[in-house]
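Note that these values count all heavy atoms, side chains included, but never hydrogens, waters or copies made by symmetry. First the proteins, then the strands, lettered A, B, ... as listed; each starts at 1. Not measured: the values here are computed from a predicted model.
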Amino acid sequence: MKAKTASTPRATSAKAAPAAKTPAAKAAPAAKTTATKSPSTSRTAAPKTTPAPRKTPARRPSKTTAVTEQAVTPEPREVVLVIEGLVKRFGETTAVAGIDLSVSAGSFFGVVGPNGAGKTTTLSMVTGLLRPDAGMVRVHGIDVWKDPVAAKRAMGVLPDRLRLFDRLTGSQLLFYSGTLRGLDRETTLARSADLAAAFGFTDALNRLVTDYSAGMSKKIALAAAMIHSPRLLVLDEPFESVDPVSAANVTEILRNYVAAGGTVVLSSHSMDLIQRICDSVAVVVNGAILDAGTMESVRRGKTLEERFVELAGGRTNPEGMEWLHSFSD
Amino acid sequence: MVAQLLRLKLRLLGNAFKRSPWQLVGLVIGLLYGFGISIAVVSSLIGLRLASTQLATSAVTVFGSILVIGFILVPLTFGVEDVMDPRRFSLFGIANDRLAGGLAIAALISIPSLVVAFIALAQIVTWSRTPLSVILSLIGAPVIVATCVLCARVATSIAAFLLASRRSRDTTGVLGIVLLLAVAPLFLLLLNVDWQRDGITVLDRIASFAGWTPFGAVWDAPADAAAGLIGSALLKELVALAFVGLLWLVWQYLVHTMMVTQQRQPAAKNYHGLGFFAISGHSKAGAIAARSFTYWMRDARYHVSLLIIPIVPFLLMVPLMVAGVPTNALALLPVPIVAVFLGWSIHNDVAYDSTAIWLHIATGVRGRLDRLGRVIPPLVVGVPLLVVGALICAPLYGDESVLPALLGVGLGVLFSALGFSSVMSARFPYPAVRPGDSPFAQPQAAGTATSFIQSISFTATFLLAAPTFYFAFRAVVDGDDWGLAALASGLVLGGGFLALGILWGGHIFDRRSPEILAFSVRN
């Protein structure tokens, strides 16, 4: 895998490191400069440094070789999410080995990776749920780990595999989420009703969340994540076990949100889905980003799935399974 | 197939030794306990060989009935986790009858079954009196083992299958408590019997009844034979055999049904409106309080804490009463005790949320608001309860001038306990039963620190309220204005500790929130 990483032409989509490098100083302006330099929708800094992530900061300037393709588009966009040198270790294993990324406002950003690649770990550190061992996360210019309260205000979060307060009814859970986000009563109630109608669980609002199916729980958690109209939505596996019709509705809602200037970062291992709905993507394998950028630049004319398998490796040629072809009964 | 199931059960039992050291310690203690009990019972059964037939009959029958009933009630009320649940084998395509038989035989390999086997063998010694009693006890031995094992299998499956839905699990938890409550007076009744004088008669009377029930018949049949009552002996043996047969049919039927019915889906209940949220306003602390209130009402784990609180004073008063403490002095106990337990009840509140606590962390709600919200329900319930309690208990004591002292101690203890709990639950959460599990279940991850933290928070509560206790003591002994001093110190000191606890606990919560979530994820 390492060989593969190394061989990946580094130049492609990489780079925004200089801006990122700018010390703590003015985060937002720095980000803006980057954005201007770069093209289309989202700017992604992807130092493919995977092999030696330990001391990334020191080495970063060298890979700043970045070449921006089609550096034409003028319109500067704010970089709403900046991740620099994010590292998380659990004992001996390094779950996230130095990830750098920046996502500009108004993009629909997908994070793909095989099981255990560190997607959830990364997103948890972005949302303030998991303390990083090293690195920095800035949301809308606010450091998540230095000023969590302000940073969290700008984010809507859907974590994966964490419980909900499921002894509340659906409407209570939405009301609770809205109130904790500081919304007043009328706003919360009105938005709850809207969300329930849009996501299609109005008739389940008076049931306990613990009695919901997996897909229903996902939908109500998603609704709770966006009730305060955040600037940035961080969604971990938002479509897992959600039925196709609901998924289409949710996608539509998210698209409109992005069109209005919102930003969505979502993870999934469904390549088709990401390819279909995202305009930018990052491929995470073994806790490092192998490629990131606009969908086109990452795909390189292939489907995302083909490109992903190529990057991630690990496809085995299934030999010696012939016994499976002669049935036992 | 039976051999494979047996090997699986052995492997599962063996793997129990590969877990964490503390679980191992628990297991070893369990083993020693089981071993000790069986030695004690076996030796008394052997000793009963020398006792009169009458005494042996009563002792064996009563003990045996309790044993069999225990094999039914324990899994039903406490919901044992069944590693050999028939449903786990449904995809292997094993014939139902063979599976039912195999699982029943595999169930023999367990500590309780082994203990029962020893006991069943020992009762043969007890009844080696007449030829018929020997024959009946020889037949009885395997019947006893089969009865106990099948009872446990059937009860466990019913608990896992019929009672597995969330709501019924909540109710069985409460049922368990009600059962405990119902047994308590029975226990008191038994305590009141003058055992020296009437003990044997009472035992005889119970035995003569239990002997005809399916639970006691198998134990009583050889006894009747030894006493020369051949007719009733044979009849009882028949009852016992019929019971085993019935259990076998029920077990087969259960396996059969469970194979094709994976999970019962109870109809979900509809609630109306926002409940407590409708009155909480839109302050964050209010919402958190409403959430806590809702959980106090809907979550069986909280029900247990709530129901235990009124019981504890009586449990403490009974031994004191027996020890000869004057009854009127006992009237001073309930108020402080209820206050301690109410305040203590939230000392691990964060762990009860399990990973759902992420919502508080992701929304960036301030720690002190979280702390405050969680303290409100015990305050709203506790303050009126303690005031009313004090108003009732002071006249019971016989001197209404202790009222201020009683109030001061009650409220002071409640406040300072809540304050200390607010700090502890943020700083030292320890593994709790997960949401939706039986409230009597053991937490999945046993923490070594559990009992340490519990005793620390308990002791600290008393230390924080020590001045108030002192003033109240003086008030009871000397009277005068000490009572007012106790009231003032309770309100001021307690209130101060409460505010301090909320602020400090809130600060800890803010600082450690990712660690709190990491803790919840681990447990």
Using distance alone, with no hydrogens and no angle criterion, decide if T363(B) and R181(A) have a side-chain donor and acceptor under 3.5 Å apart.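 Side-chain D/A pair, T363(B) to R181(A): absent.
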Compare every heavy atom of [Y] with every heavy atom of [X], then report the nearest pair and how far apart it is.
X: S171(A); Y: G273(B); result: OG-O, 4.2 Å
X: S354(B); Y: R163(A); result: OG-NE, 3.1 Å
X: S283(B); Y: T179(A); result: O-CG2, 3.7 Å
X: R131(A); Y: R511(B); result: NH2-O, 2.8 Å
X: R167(A); Y: D299(B); result: NH1-CA, 4.1 Å

Say whether, by atom type as modelled, one donor and one acceptor occur between the side chain of K152(A) and the main chain of I361(B) under 3.5 angstrom.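 Yes: the side chain of K152(A) pairs with the backbone of I361(B).
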Quick one, S177(A) and L359(B) - any side-chain contact, counting heavy atoms below 4.5 Å? yes
Are L274(B) and T169(A) side-chain neighbours, meaning at least one heavy-atom pair lies under 4.5 Å? no
Part of L205(A) lying under 4.5 Å from any heavy atom of chain B: neither
Please walk me through it: do L130(A) and L517(B) pass side-chain contact (heavy atoms from CB on, under 4.5 Å)? CA-CA 8 Å; L130(A) 180 68; L517(B) 181 63; over 6 Å; no
Under 4.5 Å heavy-atom distance to chain A, tell me which part of [X] shows up: side chain, backbone, both or neither.
X: I288(B); result: both
X: A287(B); result: both
X: Y295(B); result: side chain

Using a 6.0 Å cut-off, check whether atom CH2 of W296(B) has over 12 heavy atoms from anything other than its own residue. yes
To the closest 0.5 Å, what do you measure between CG (L180(A)) and CZ (R366(B))?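 So the CG of L180(A) and the CZ of R366(B) are separated by 14.0 Å.
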Which one, A278(B), S280(B), A285(B), leads in non-hydrogen pairs under 4.5 Å with chain A? A278(B)
Kindly assign one of parallel, tilted or perpendicular to the pair H360(B) and F165(A), based on the angle between their ring planes and the thresholds 30° and 60°. tilted
